[in-house]
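Structure first, commentary second.
Below, chain A is the first sequence line, B the second, and so on; all start at residue 1.
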Protein chains: 2
Amino acid sequence: MTRPTRADLNTLRHHNRQVIVDIMRRYGSLSRAELARLTRLSKVTVSEVVDDLVAEGYLRAVGLGTADMGRKPMLMAFKESAGFVLGIEVAPRIVRLIVTDLMGDIVATFEESVVAAAGDDLIRALCALISKARNHLPQSRYGLMAVGIAISGWVDFAQGVVVAAPNMTWAPLALQERLASCVHVPIIVDNEANAALAYEHGHGILRDVDHAVYLSVGYGLGSGMLMNGAVYRGHKGMAGEMGHMVLDPAGPLCTCGNHGCWEMYSSEKALQRMMSGCTPALTVNEGDLTHWAIQQARQGAPCARQALRAVGRSLGQGIINIANLLNPQTLVVGNGMVEAWEFLEPEMMAVLSQAGLSATTQDLIVTPSPHYQDAAVRGAAALACDAVIARI
Amino acid sequence: MTRPTRADLNTLRHHNRQVIVDIMRRYGSLSRAELARLTRLSKVTVSEVVDDLVAEGYLRAVGLGTADMGRKPMLMAFKESAGFVLGIEVAPRIVRLIVTDLMGDIVATFEESVVAAAGDDLIRALCALISKARNHLPQSRYGLMAVGIAISGWVDFAQGVVVAAPNMTWAPLALQERLASCVHVPIIVDNEANAALAYEHGHGILRDVDHAVYLSVGYGLGSGMLMNGAVYRGHKGMAGEMGHMVLDPAGPLCTCGNHGCWEMYSSEKALQRMMSGCTPALTVNEGDLTHWAIQQARQGAPCARQALRAVGRSLGQGIINIANLLNPQTLVVGNGMVEAWEFLEPEMMAVLSQAGLSATTQDLIVTPSPHYQDAAVRGAAALACDAVIARI
DNA sequence: GCAGATAGTTAGGACTGTTTACGAAGGAGG
DNA sequence: CCTCCTTCGTAAACAGTCCTAACTATCTGC
């Protein structure tokens, strides 16, 4: 079990440095005096820490600020280009990679199609891609500082192991360990929904939220939970398998062996089932069917409209359960299905207002992710970035 | 949103004191040297803190220990009788109160039947009962140090307000605020399931567990969640309304307006429904029907057996959802229905092993609460105790 | 009684955050 | 231009915290 651990003066200083770095990253630019007021640290301590951080290249002076009276403050800012991190999304046929600075802003993008028959292939491809990206890094003091990897599947976060990836052939795979030999910076591996959640919490719409749920509605249904401002991973990092919550025991059979899992109602998989009578001949890639359905629905095709609306209603049903259980402040819907928001939302909201408990549903904010296409890569980078910041 | 707050030398010392107190409470008796090894604090620091705690009456020397070689260690122990706390359970017709020392051991018990038509009545009754208990407190250095109150209903923990209590007439009620005038120590109010969870975590079977769920299966179905070693309360302290998770949208109508809530399958309420054809004429008090059903089932009555088994199966179904969502290490079942464990367990476990995802269910420990009758009162005391310890 | 081992204390040092005092820098008004 | 007032940032002194090293106290085994 976790037991609180002893703290010493290093711990203390580190903590206060983190408080200052955190605020600096949030506010953009602040003077030492403002920093002292916001943190309730003394001016002296703030100056000391700020000077250290400047010397280490994490903060820089950005010029004089304004003041109604008295001496003008010297504004300091977080130096986002002190170093860079990589965010990688491993999808079945493609690997996406972005380079971001320490504020999460993207400075470069790479893509490589990969058909990894074996885990070794993937490792090689990743190493090559990382090297390539590394060579394109802008000049900076610390260079590459961490790598984050997001995968749609079950990931043991603490160990950095992909335990199972339903859409890939090569799981399980000790990704962190295997990559360590060619990448000598911290490597963070997490599932796609947790990553997207981390992105939204760090840089997106969950910036000021402490309790939230991220629903990744793609081919399957994944989820991430934010509790007390941190991603919750459960006992063995397996929390969040919401897709297999049973909505209706009389429902369709799921691959997990049960009937009526949420994933069978709210996902592209669900569209497949519901539209079996009216789909085109072949849809090979993830997302194809969703796109096609939306297109059809926009043109008024009843089959597609009904299917998407049904997805919306099921989303509402599942969300009610989640809300009762976890009482989040915000629930973010991400991944491909978000494109159908215009069809999902009315049905979903109707279910929520009709069947939700007022105490948990009334004030619940349900919102689509603005970056649903690349939330996973961005999230991978955000996780890497968080890891770096935590060590400053 | 929660932002990490500045720390100073007081914070540091307080933290390390807490680490030491925590270990002392867990281990029973330890020497300063062992304490230093366990905490990784220096012997000097440990001695300093221990001396302070002795001076404040929280620790005491209990004699020399044994040693294979060298000087014998002076064993120290937490002084559980430094002060006392009250745990109060407010049930519809009765108020139960226990006095415990700082290790959670019960030193006195009080009960008073209360029919509170209005909130004022309850406040008066509670104040009277607390005064009475106070007068029977053993002699101690700090006397009464905190009061914990557990109520089956929706409680806003942070505000100490009973928002709604389905079985009582007087909610909402600002319990903490109203009692503050007659009780001048910290008052903690929480719902019954969270309290029971706190008890199990502090003194019961969850002592070494960080991720757990407590299911209170009584007339209704309540729950508490332990995450990362702390009770999770959600955005507005409303997390844990698991009873209204929908298991089957075609199921019976619940008071919440939906169909097929878990509570309609796994609770005394569920027995009522399922046994409507074979129940005795009148059962007035909570628990009566459950007792009767168990008695009948033990005598082989098919109606009761079937009903209890059905409850067991539904428990299993709900637990699978919970396990997928939260991936707890242990799930504790408490409250009145536990008495039917012999009938519930086989059915429940069958469902779990048959329909559970192996990743989340395989290693899940499902266990009845050994103190299911008085977990709520004990929990109320445990919450009070925790509050006291945190301030040491 | 002495050597070896362990427990606990004393002394001194390094580091941290705070308070108090002070110099730097700027605006308002004479 | 100069003085008064305000705010920013730094310097010096201080109290509190933890740590290391050295020391004393105590115990076992020979």
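- Phosphate contact (OP1/OP2 of C:dT10, side-chain N/O of B:K43, threshold under 4.0 Å): absent.
- In this structure, A:R6 atom CZ and D:dC18 atom P are separated by 10 Å, rounded to whole Å.
- Residue whose closest nucleotide on DNA chain C sits further toward the 5' end, between A:G70 and A:R13: A:R13.
- Neither OP1 nor OP2 of C:dT6 sits under 4.0 Å from any side-chain N or O of B:R32.
- When rounded to the nearest whole Å, the span between CE of B:M76 and C1' of C:dT9 equals 14 Å.
- Proximity of B:I149 to B:V155: side-chain heavy atoms (C-beta onward) are nowhere separated by under 4.5 Å.
- Under 4.0 angstrom from either OP1 or OP2 of C:dA7 there lies at least one side-chain N or O belonging to B:R37.
- In the set D:dA12, D:dT28, D:dT20, the nucleotide with an atom closest to the side chain of B:V44 is D:dT20.
- Using a 4.0 Å heavy-atom cutoff across all strands shown, A:A67 reaches no nucleic acid atom at all.
- Atoms CG (B:D51) and C1' (C:dT10) sit 13 Å apart, rounded to a whole Å.
- A:R71 has its CZ atom 12 Å from the C1' atom of D:dT6, to the nearest Å.
- Mapping B:D68 and A:S31 onto DNA chain D by nearest heavy atom places A:S31 closer to the 5' end of the strand.
- Phosphate contact (OP1/OP2 of D:dT10, side-chain N/O of A:S47, threshold under 4.0 Å): present.
- A straight line from CG of B:L9 to P of D:dC14 spans 17 Å, rounded to a whole angstrom.
- In this structure, the separation between OG1 on A:T45 and CG on A:L35 is 11.0 Å, given to the nearest 0.5 Å.
- At whole-Å resolution of the value, CG in A:L35 and C1' in D:dC8 are 13 Å apart.
- Here the side chain of B:P73 is nearest to one of D:dT10, D:dT17, C:dA7, namely C:dA7.
- Between the side chain of A:R25 and the backbone N or O of A:L102 there is at least one donor-acceptor pair closer than 3.5 Å.
- At least one side-chain nitrogen or oxygen of B:T45 sits closer than 4.0 Å to the OP1 or OP2 atom of D:dC19.
- Atom CG of B:N16 and atom P of D:dG16 are 17 Å apart (whole Å).
- At a threshold of 4.0 Å, the pair B:D51-B:R32 counts as salt-bridged, since one of the basic side-chain nitrogens sits closer than that to a carboxylate oxygen.
- Remark: aromatic rings of B:Y58 and B:Y142 are close, center separation under 6.0 Å.
- Per the geometry, CG belonging to B:L12 stands 13 Å off P belonging to C:dT18, to the nearest Å.
- When the nearest nucleotides of DNA chain D are assigned to A:E48 and B:K72 by heavy-atom distance, the more 5′-ward of the two goes with A:E48.
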